[in-house]
Trainee: 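Before we start, here is the structure in question, set down as structure tokens.
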Amino acid sequence: MERLEELYKFINALHSSGNYSIFDNIPESELKSEKERNILTGIAYKNLKKTGRFKCLCPGCNNYPISSHSIQKALLKKIADNNQLINLKIEAELKLNGKITCIDRPVYVDDASAFEGYCNPHDTQVFLPIESKQIIETDDEQLFLLLYRSIVREYFENRKSYKIQQNMTASMFKNQDEELLQAFTVIEQYKSFCEFFRIEKLKEAFDVLYENKIFETPFEVIHLKINEFIPALVNTFFCVQGAYEDILYQQDITKDYPYFCSLQILPSEQNKLDLYFFYLKEQEKELHAFINRFQNPETNEFKIFLSDTILRNSDNFFISPNYWNNYSTQSKRDKIKNFFYRTILDRSYDLSTNINLWEKD
């Protein structure tokens with residue numbers, strides 16, 4: 001138990017400092033033999049590739065899913081250059097002293113925001129009202145479907161990660177006696193289970209609402225018009241983390257529900273942007289410091305806050321390659337990638353960067 005507490009102290013200190021370079025040059029004497037390391041690396045690669053294939057996410061359907069877009073494909077095409085978009089992604093080398101980096105990768109429209117969620121008939125049927133029509137902020141069915149698709153994508157990604165972690169843990173500790181590491185891994189796996197369990201129950205509740213055509217949900221929605229257009233799209237479901245008005249929001253598995261939110265930014269017909277922010281009604285008081293920031297969308301302060309929220313909480317974020325490359329300096333692009341990288345490692349990481357995606361310099 002003492003060794004486990006020491007490990008937690010070390011990890012917390014690492015998060016606080018934000019300095020992960022300690023892992024860049026680990027002495028050979030502190031590692032397992034090369035043979036054992038190669039075996040563990042092979043297990044990791046094998047389990048990352050072997051995610052299994054799930055059935056359609058529509059309840060009761062046994063068909064296999066297609067590659068569904070979590071952001072309307074027609075909208076992705078609007079901001080694409082030569083049928084491509086830019087997406088930020090973390091790449092990690094699974095090897096001794098392997099590097100973890102953020103890359104700005106080009107993605108084709110067919111692959112952007114895609115996940116294996118629904119079979120072809122259900123993908124078409126369920127989301128037709130938001131695929132075939134302009135989104136109207138007073139249309140309860142369209143608002144429900146925007147939120148529903150956001151939840152479903154998060155459920156898909158969370159389930160995939162949880163299953164990979166389950167398989168990897170079982171494979172790595174098979175016939176091994178690593179008491180300290182096993183204890184730590186069991187705790188981490190329990191935390192992952194709690195996250196997966198909650199999003200699973202939320203998805204099941206929305207399945208029932210959809211089946212009964214009930215579009216009233218426990219979520220409140222804020223809709224804003226942003227008059228200054230940038231060619232970027234966002235669809236993310238997340239738990240609020242970070243510091244706002246001296247309140248620090250952190251992950252807490254003891255809560256009945258985390259601070260579940262959804263943020264979606266879509267282009268409108270008037271060459272503006274529509275922002276939809278969903279949050280649980282029962283958490284309005286607790287989240288007031290965060291919610292209060294969704295005011296005055298024309299101010300520079302709001303755009304800095306929104307840029308921080310996108311980079312901190314969304315991997316499902318796409319931007320036009322021409323716009324990305326037109327940021328005036330490589331240092332700005334590097335600053336954006338570095339912030340994305342740091343908040344992937346620790347989303348409560350608090351840093352005032354003043355990054356503004358609406359400014360090119």
Side-chain angles (χ1 to χ4, degrees), residues 52-72 113-133 135-163 166 191-223 235-240 252-264 266 276-287 291 313 316:
R53 196 172 182 203
F54 301 106
K55 298 290 181 68
C56 171
L57 291 178
C58 190
C61 181
N62 290 317
N63 294 330
Y64 284 106
I66 61 168
S67 187
S68 307
H69 285 85
S70 57
I71 299 174
Q72 294 93 309
S113 85
F115 70 107
E116 291 184 348
Y118 290 89
C119 66
N120 193 27
H122 282 124
D123 184 54
T124 303
Q125 171 191 328
V126 173
F127 299 108
L128 186 63
I130 56 176
E131 289 285 351
S132 61
K133 303 175 187 176
I135 305 297
I136 302 172
E137 62 269 19
T138 55
D139 188 314
D140 289 340
E141 182 181 16
Q142 287 187 320
L143 293 176
F144 174 90
L145 291 174
L146 285 176
L147 178 58
Y148 188 25
R149 183 149 64 179
S150 185
I151 290 170
V152 167
R153 179 190 179 269
E154 181 63 19
Y155 167 76
F156 170 83
E157 296 293 344
N158 208 302
R159 178 182 62 175
K160 183 171 69 173
S161 298
Y162 178 62
K163 295 299 182 185
Q166 261 191 327
K191 287 167 63 179
S192 295
F193 168 75
C194 290
E195 292 176 15
F196 171 61
F197 176 79
R198 284 163 174 158
I199 192 68
E200 181 180 49
K201 293 305 170 188
L202 186 63
K203 188 256 183 193
E204 289 174 357
F206 269 70
D207 288 339
V208 173
L209 290 174
Y210 175 76
E211 186 178 349
N212 291 281
K213 301 302 180 201
I214 299 172
F215 302 127
E216 178 69 26
T217 78
F219 285 80
E220 188 63 74
V221 60
I222 293 173
H223 170 252
N235 179 350
T236 183
F237 192 85
F238 64 99
C239 300
V240 175
D252 184 358
I253 62 172
T254 65
K255 291 177 64 65
D256 289 338
Y257 265 112
Y259 297 120
F260 279 150
C261 299
S262 175
L263 175 68
Q264 305 192 39
L266 308 170
Y276 298 91
F277 173 65
F278 300 85
Y279 63 91
L280 283 165
K281 295 173 183 176
E282 66 180 42
Q283 293 178 347
E284 184 167 4
K285 186 175 181 180
E286 293 174 89
L287 279 176
I291 295 169
N313 299 297
N316 201 28

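Small disclaimer: the values here were computed from a predicted structure and weren't measured.
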Trainee: Once you round to the nearest 0.5 Å, how far does CG of N120 lie from CG of N63?
Mentor: 10.0 Å
Trainee: Using every non-hydrogen atom in the two residues, find where F219 and K281 come nearest and quote the distance to one decimal.
Mentor: O-CE, 3.3 Å
Trainee: Nearest heavy-atom pair of P129 and Q125: which atoms, and what distance?
Mentor: CD-O, 4.3 Å
Trainee: Kindly give the heavy-atom pair with the smallest separation between N313 and T236, and that separation in Å.
Mentor: O-OG1, 2.8 Å
Trainee: Got a second to check how far I130's CD1 is from I136's CD1, nearest 0.5 Å?
Mentor: 13.0 Å
Trainee: Does a side-chain heavy-atom distance below 4.5 Å link S67 with F115?
Mentor: no
Trainee: Mind checking whether D140 and E216 have side chains closer than 4.5 Å, heavy atoms only?
Mentor: no
Trainee: Testing the basics here: between R149 and H69, what is the closest heavy-atom pair and its distance to 0.1 Å?
Mentor: NH1-O, 3.1 Å
Trainee: Can you confirm if the aromatic rings of F260 and F237 lie within a centre distance of less than 6.0 Å?
Mentor: yes
Trainee: Please list, chain by chain and in numerical order, all residues satisfying side chain to side chain contact (heavy atoms under 4.5 Å, CB included) with K133, sequence neighbours excluded.
Mentor: Q142
Trainee: Check side chain to side chain contact (heavy atoms under 4.5 Å, CB included) between D207 and all other residues, then give those that pass, not counting sequence neighbours.
Mentor: P59, Y148, K203
Trainee: For a side chain to side chain contact (heavy atoms under 4.5 Å, CB included) check, start with the C-alpha distance between L143 and L147, then their side-chain angles and the critical distance, and finish with the verdict.
Mentor: CA-CA 6 Å; L143 293 176; L147 178 58; over 6 Å; no
Trainee: Consider only side-chain N and O atoms of S150 and N235, and report whether a donor and an acceptor are under 3.5 Å apart.
Mentor: yes
Trainee: Taking the cut-offs as 6.0 angstrom to the six-membered ring centre and 45 degrees off its axis, would you call R159 and F54 a cation-pi pair?
Mentor: yes
Trainee: Taking side chain as C-beta onward, heavy atoms only, is E116 less than 4.5 Å from I66?
Mentor: no
Trainee: Determine, step by step, whether S262 and I151 satisfy the side chain to side chain contact (heavy atoms under 4.5 Å, CB included) criterion, reporting the C-alpha distance in whole Å, the side-chain angles of both residues, the deciding distance to 0.1 Å, and the verdict.
Mentor: CA-CA 8 Å; S262 175; I151 290 170; over 6 Å; no
Trainee: Can you give me the closest heavy-atom contact between Q72 and L146, atom names plus distance?
Mentor: NE2-CD2, 4.3 Å
Trainee: Mind checking the CD1-CD spacing from I199 to E195? Nearest 0.5 Å is all I need.
Mentor: 10.0 Å
Trainee: Pick one: which of P65, C61, C58 meets side chain to side chain contact (heavy atoms under 4.5 Å, CB included) with C119?
Mentor: C61
Trainee: As an exercise, state the distance from SG of C261 to CD of Q283, rounded to the nearest 0.5 Å.
Mentor: 7.5 Å
Trainee: If we check ring-ring contact (aromatic ring centres under 6.0 Å, His included) with F144, which of these qualifies: F278, F206, F127, Y276?
Mentor: F206
Trainee: Quick one: does L263's side chain get under 4.5 Å of F238's, heavy atoms only?
Mentor: yes
Trainee: Using side-chain heavy atoms (C-beta onward) and a distance below 4.5 Å, is I291 in contact with Y279?
Mentor: yes
Trainee: Report the C-alpha distance between Y259 and L280 in whole Å, list the side-chain angles of each, state the deciding distance to 0.1 Å, and finish with yes or no for side chain to side chain contact (heavy atoms under 4.5 Å, CB included).
Mentor: CA-CA 7 Å; Y259 297 120; L280 283 165; over 6 Å; no
Trainee: Would you check if C56 and N62 make a side-chain contact, meaning some heavy-atom pair closer than 4.5 Å?
Mentor: no
Trainee: With sequence neighbours excluded, tell me which residues meet side-chain hydrogen bond (donor to acceptor under 3.5 Å, both in side chains) with Y210.
Mentor: K213
Trainee: To the nearest 0.5 Å, how far apart are CD in E220 and CG in L287?
Mentor: 12.5 Å
Trainee: Going through the checks in order, is the side chain to side chain contact (heavy atoms under 4.5 Å, CB included) test met by F215 and L209?
Mentor: CA-CA 7 Å; F215 302 127; L209 290 174; over 6 Å; no
Trainee: Does any N or O in the side chain of N212 come within less than 3.5 Å of the main-chain N or O of I214, such that one atom is a donor and the other an acceptor?
Mentor: no
Trainee: Is R198 salt-bridged to E154, going by a charged N under 4.0 Å from an acidic O?
Mentor: no
